[in-house]
Amino acid sequence: MATKTNSSGKKGQTFMFGAVILMISNILVKLIGAVFKIPLQHLIGDNGMAYFQAAYDIYVTFYMISTAGIPVAISRMIATSNSKGNHKEVDRIFKIAYWVFFAVGAIGTVAMIVFAKQFANATVKGAEYAMIAIAPTLFFICLSSAYRGYFQGLQNMVPTAVSQVIESAGKLGVGLVVGWYFLSRGYSMPVVAAFTILGVTIGVVAATVYIAVFKKMFASAREEAQDPNLEVRSTKSLLYELVIISIPISLASSIMGLTNTVDAVLVTNRLSDAGYAYEVAKNCYGAYAMPKTLFNMPTTLIYPFAISALPAISKYFGSGEKEKAEKLMESTFRMASIVALPCALGMSAMAKPILGLLFSENMITDTATNIDIAGPCLMVLGISVFFLGMISVTNSVLQAYGFHNLTIVSTVGGIIAKIIVSYILLGIKSVGLSGAAIGTAACYLTIMVLNMIFIAIKVGYFPSITRTFLKPFISAVICVVPCVLAYNLLTDKGIVGAKLATLVSICVAGGVYLVMLLVLRGLSEEDIKMLPKSQKIIKILRKAKLLSD
């Protein structure tokens, strides 16, 4: 069931359909990102990746602070106004948000260019060229985010999904080619990294053009009558609400960017303090891009549920439909848990084989490979996949109910934990780079726990432990065992190479997980409805009594 009829008589997307659309686009985005990052790591090495990653981490921080809150605020405000049939107010909200984003994007771009040298000195010296190259991206991503928030508020996830894929395709199509060209011409590594990162900027410009054209076509086709008795709030009132909602959401949503900034500032400096030579410390930071790239992949399967749920929960909350809101929250938590738990445990248990599948073992020092250094980091970050997945859902719930200020409290608590733990552990030579990953895990765990407490107290809701967490957890634990055993058997006996053994083992784990989830009745009819041919699948599973009540 992919569509529903809204108050205006038009057809709109259901929560689950929107989540599936975003999930597909996110998978494509991450696949394209992997196709970009993996050969890029081979092309420019850990030294070049240090410049690239430093610039990208600073950009992500600016990006998250600049754009994370307003699209969510737009989405929530538009969902509420649209549910009342107040289409004129919907259009006014978008216009206000557009010009706010225009100003924020321009300021962010100028700030990143002006202070590029200072940012580079604080992270990796020589990265200022890459920072200047990526700075214009901020302006265009801000404009693009205004459009995305508009469509998400109308529960139309297609424009967001397509624009994300265009962004990534531009990064891949331009970045690698330009990087290879200037590297082959003998340019210095900081300059090569700068030209490579231009692919990100060009991709975002193309995505912004697409979604702006789509909005223009959409607006001309969207002619909906409005009740003349409906009051359209003033620009001043709407701007005030937008700012009040977006600031705390921006701070909460910028968690990924903030942790990356902490890493950018601390990793190289604290490893040097611990006794690492500066070049070795810098290369370690470049190698850290590998586990971070893989860590971000599973979350793209989880975010769509949180993004799609927010406007829907806001609508139910606004209309006083408490039972529907709680049913939707339960479904969102369960789907996030079903995806996050096997990814978290599997990535942690198979950290080195997964890294070996995607990256070559280029030497960083005389005694260790980049995979030897990155492996323990991915083991820790793998577990954090679950924490981060729950954060995305809990943030959406708190924001939908108007408790966005509480997300600031949890985020600040998490960042404090990140700084303290990372600072201490990175300064211990025996811990080394793993200190950054442990600090990130401490950060996400702190935020998740605080958010859960806030939801229980303020919203009066807590997801079912058994249906939401226990069944997926038991299934995930059971599937990891044959995964590791299959890998060891295939490699120890020399049956196949390590890369093929990793792929086979992951497939084995996926099959076992699905079977265990069905045996434990961890899936409901609502969960199956997101799949193709869902009614036939539900009929078969219902006969076999493999669906939860």
Partners passing ring-ring contact (aromatic ring centres under 6.0 Å, His included) against [X] (at least two apart in sequence or in another chain):
X      : result
Phe403 : none
Phe386 : none
Tyr513 : none

Non-hydrogen side-chain atoms of [X] and [Y] separated by less than 4.5 Å:
X      : Y      : value
Thr259 : Ile415 : yes
Lys418 : Asp263 : yes
Val90  : Asn86  : no

Fill in: Candidates Tyr461, Phe333, Phe454 - the one meeting side-chain contact (heavy atoms from CB on, under 4.5 Å) with Val397
Phe333
Worksheet entry | Heavy-atom pair with the smallest gap, counting every atom of Gly105 and Cys142 | CA-SG, 3.5 Å
Worksheet item: For the ring pair Phe151 and Phe214, is the centre-to-centre distance below 6.0 Å?
Response: yes
Practice prompt. Assert yes or no for the condition that the ring centre distance of Tyr56 to Tyr59 is strictly below 6.0 Å.
Written response: yes
Discussion item. Could you work out, with salt bridge (charged side-chain N to carboxylate O under 4.0 Å, His left out) as the rule, every residue matching Glu241, not counting sequence neighbours?
Written reply: Arg233
Worksheet item: Lys471: what forms a salt bridge (charged side-chain N to carboxylate O under 4.0 Å, His left out) with it, not counting sequence neighbours?
Response: none
Any residue meeting side-chain hydrogen bond (donor to acceptor under 3.5 Å, both in side chains) with [X], in chain and number order, not counting sequence neighbours:
X      : value
Lys324 : Glu321
Ser396 : none
Tyr240 : none
Asn451 : Thr394, Asn395, Ser410

Worksheet entry | side-chain contact (heavy atoms from CB on, under 4.5 Å) against Ala441, all qualifying residues, sequence neighbours excluded | Val380, Ser384
Practice prompt. Check the pair Met290, Leu294 against side-chain contact (heavy atoms from CB on, under 4.5 Å), reporting the backbone distance first and the verdict last.
Written response: CA-CA 7 Å; Met290 292 191 299; Leu294 292 173; 5.8 Å; no
Item to complete: Verify side-chain contact (heavy atoms from CB on, under 4.5 Å) between Ser464 and Glu330, making sure each step is shown before the conclusion.
Response: CA-CA 8 Å; Ser464 165; Glu330 185 79 24; 3.4 Å; yes
Discussion item. Taking salt bridge (Lys or Arg N to Asp or Glu O under 4.0 Å) as the cut-off, I'd like each qualifying pair that reaches into residues 133-155, sequence neighbours left out, listed once.
Written reply: Arg148-Glu167
Between the main-chain N or O of [Y] and the side-chain N or O of [X], is there a donor-acceptor pair closer than 3.5 Å?
X      : Y      : answer
Ser145 : Ile141 : yes
Thr109 : Ala135 : yes
Ser392 : Gly389 : yes

Discussion item. Would you say CZ of Phe462 has more than 12 non-hydrogen atoms from neighbouring residues, nucleotides or ligands within 6.0 angstrom?
Written reply: yes
Side-chain polar contacts of residues 198-208 - donor-acceptor pairs under 3.5 angstrom, sequence neighbours left out - could you list them?
| unit_1 | atom_1 | unit_2 | atom_2 | d |
| --- | --- | --- | --- | --- |
| Thr201 | OG1 | Ala133 | O | 3.1 |
| Thr201 | OG1 | Thr137 | OG1 | 2.6 |
| Thr208 | OG1 | Phe140 | O | 3.0 |
| Thr208 | OG1 | Val204 | O | 2.8 |

Item to complete: Might you work through the ring-ring contact (aromatic ring centres under 6.0 Å, His included) test for Tyr150 and Tyr147, ending with a clear yes or no?
Response: CA-CA 5 Å; Tyr150 170 80; Tyr147 290 110; 8.1 Å; no
Worksheet item: Between Lys215 and Phe94, is NZ or CZ placed under 6.0 angstrom from the six-membered ring centre and within 45° of the ring axis?
Response: yes
Worksheet item: Does NZ or CZ of Lys458 fall inside the cone over Tyr401's six-membered ring, less than 6.0 Å from its centre and within 45° of the axis?
Response: no
